[in-house]
2 protein chains.
Amino acid sequence: MAKQTAKKADLSTEEKIKDAARKVFTQKGYAATRTRDIAEEAGINLALLNYYFRSKEKLFEIVILEKMQILLGKIGPTIMDERTSIEQKVEQIAEHYIDTLVANPDIPLFVLGEIRNNPDKFANLVRTKTKIVDSAFFKQLAERRPDIDPLHFILNMLGLIIFPFIGKPLLQLITGIKPERAVTLMKERKTWIKTWFLAMLEAN
Amino acid sequence: MAKQTAKKADLSTEEKIKDAARKVFTQKGYAATRTRDIAEEAGINLALLNYYFRSKEKLFEIVILEKMQILLGKIGPTIMDERTSIEQKVEQIAEHYIDTLVANPDIPLFVLGEIRNNPDKFANLVRTKTKIVDSAFFKQLAERRPDIDPLHFILNMLGLIIFPFIGKPLLQLITGIKPERAVTLMKERKTWIKTWFLAMLEAN
DNA sequence: AAATTTTTTAATCATTTGATTAAAATTTTA
DNA sequence: TAAAATTTTAATCAAATGATTAAAAAATTT
């Protein structure tokens with residue numbers, strides 16, 4: 001008992017496996033992940049993974065549903081809110097997502113990559129269909145800029161927020177920027193994105 | 001001879017394999033790709049893949065180097081050009097990349113995903129190190145907005161251009177947008193991105 | 001056209017990988 | 001504390017997968 005690997009000593013076996021699965025799956029993706037990697041990372045016997053979760057696939061589903069919830073959970077309620085302005089919505093979304101993604105930088109590439117590899121699988125899962133285009137945000141944008149498809153501004157906002165996290169490995173490769181500097185940069189963006197978004201909204 | 005699968009009838013075996021490899025690797029990533037998938041897509045015997053390219057790994061390297069060149073090749077020369085303005089650079093880059101990505105929409109997610117899975121492997125490959133931060137573009141941005149790190153604007157530009165292609169599977173999932181509509185949307189952005197970028201550059 | 005070289009195929013290998021099993025160890029219940 | 005239930009382990013399986021081999025087929029050279 002005195003020489004557990006600290007961090008995971010107190011967690012239940014099931015939680016140790018889930019933690020390890022979260023880490024390995026999000027870092028490498030489903031296909032590149034070996035169940036043995038997860039077992040080793042969790043410090044447990046491989047058979048336990050199947051004992052608790054039946055299969056790699058089942059464990060994966062638990063993890064990716066969590067991650068999709070993190071990535072998509074906040075956006076729905078925020079853009080549906082009739083009482084907040086465009087400005088407030090953008091501010092809320094930018095703040096929330098940058099904080100979330102600084103803590104979970106691997107999520108976007110992970111989720112988008114898995115959706116690419118298996119679009120059908122998530123088709124039913126995202127029952128948000130036609131939700132965004134009926135949202136208050138959408139209507140507000142259309143009213144402000146009747147000449148531009150509101151989808152453009154949705155894409156702009158998400159691009160400004162999410163892309164830096166997706167592009168970070170490349171950015172580090174081509175600029176040699178340090179990880180801490182990258183985090184600082186992301187946090188700086190929290191305040192700027194609202195300003196930039198509003199500027200784009202007025203642009204001609 | 002009269003009943004080849006048309007398209008590939010005239011290509012050499014080597015090219016048929018490369019074509020198939022480009023398609024399967026970029027769509028599913030290295031780990032999720034089976035050499036048998038490539039052989040089948042190419043309409044050749046599996047052993048031929050190894051006969052011509054030695055291994056899955058070797059064939060993959062050929063493909064990803066091509067794709068990285070497509071993704072990164074244009075940006076270097078453009079941002080280094082001392083004689084063009086910020087506006088011209090952004091216009092050139094937006095036009096070029098959106099055309100390129102409409103024709104090759106899978107590239108960004110593919111390349112960024114593989115870099116994530118194997119950062120070390122591409123470390124030496126991207127010898128652009130310290131190039132961007134010494135570029136004319138960087139200096140011009142720093143001069144125009146001394147109060148904001150030029151990297152922010154690089155990220156903004158790339159986010160506006162590239163993110164829609166990375167996020168397309170998700171966008172289609174949550175909006176039900178048709179693929180053709182998505183392409184139209186991307187092309188519309190070609191003209192707007194310069195405007196939006198300049199607006200962000202002036203924003204306060 | 002015979003000989004040589006190149007290309008292609010079918011069969012097979014060795015390793016990896018997800019999963020199972022039966023037994024051992026541990027914990028909980030009675 | 002004995003019995004029962006739960007958890008863990010080591011060994012092993014079957015299928016998938018990257019790769020090789022030896023022989024056949026086709027193309028090229030002499």
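Residue numbering restarts at 1 for every chain, and letters A, B, ... go by the order of the sequence lines.
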Worksheet item: Base, sugar-phosphate alone, or nothing: which one does A/F53 contact when heavy atoms must sit under 4.0 Å apart?
Response: nothing

Discussion item. For B/Y30, does the six-membered ring have the charged nitrogen or CZ of B/K56 within the cation-pi criterion, i.e. under 6.0 angstrom from the centroid and within 45° of the normal?
Written reply: yes

Discussion item. Cation-pi check for B/Y52 against B/K58: NZ or CZ below 6.0 Å from the six-membered ring centre and within 45 degrees of the axis, yes or no?
Written reply: no

Worksheet entry | Paired nucleotide for D/dA24 [Watson-Crick or G-U wobble; both distances under 3.5 Å] | C/dT7

Item to complete: Check A/N104, A/L71, A/T26 against A/F110 for a side-chain contact (heavy atoms from CB on, under 4.5 Å) and give me the one that passes.
Response: A/T26

Discussion item. Measuring to OP1 and OP2 of C/dT7, would you say a side-chain N or O of B/T13 lies under 4.0 angstrom away?
Written reply: no

Worksheet item: How many angstroms lie between atom CD1 of A/I115 and atom CG of B/L171, to the nearest 0.5 angstrom?
Response: 11.0 Å

Discussion item. For nucleotides 9-22 of chain D, give me one character per nucleotide, 5' to 3': B if any protein heavy atom sits under 4.0 Å from the base, S if the only such contacts are to the sugar-phosphate, - if neither.
Written reply: BB------BBBBB-

Practice prompt. Might you confirm whether atom NZ of A/K190 has over 12 heavy atoms from other residues, nucleotides or ligands at distances under 6.0 Å?
Written response: yes

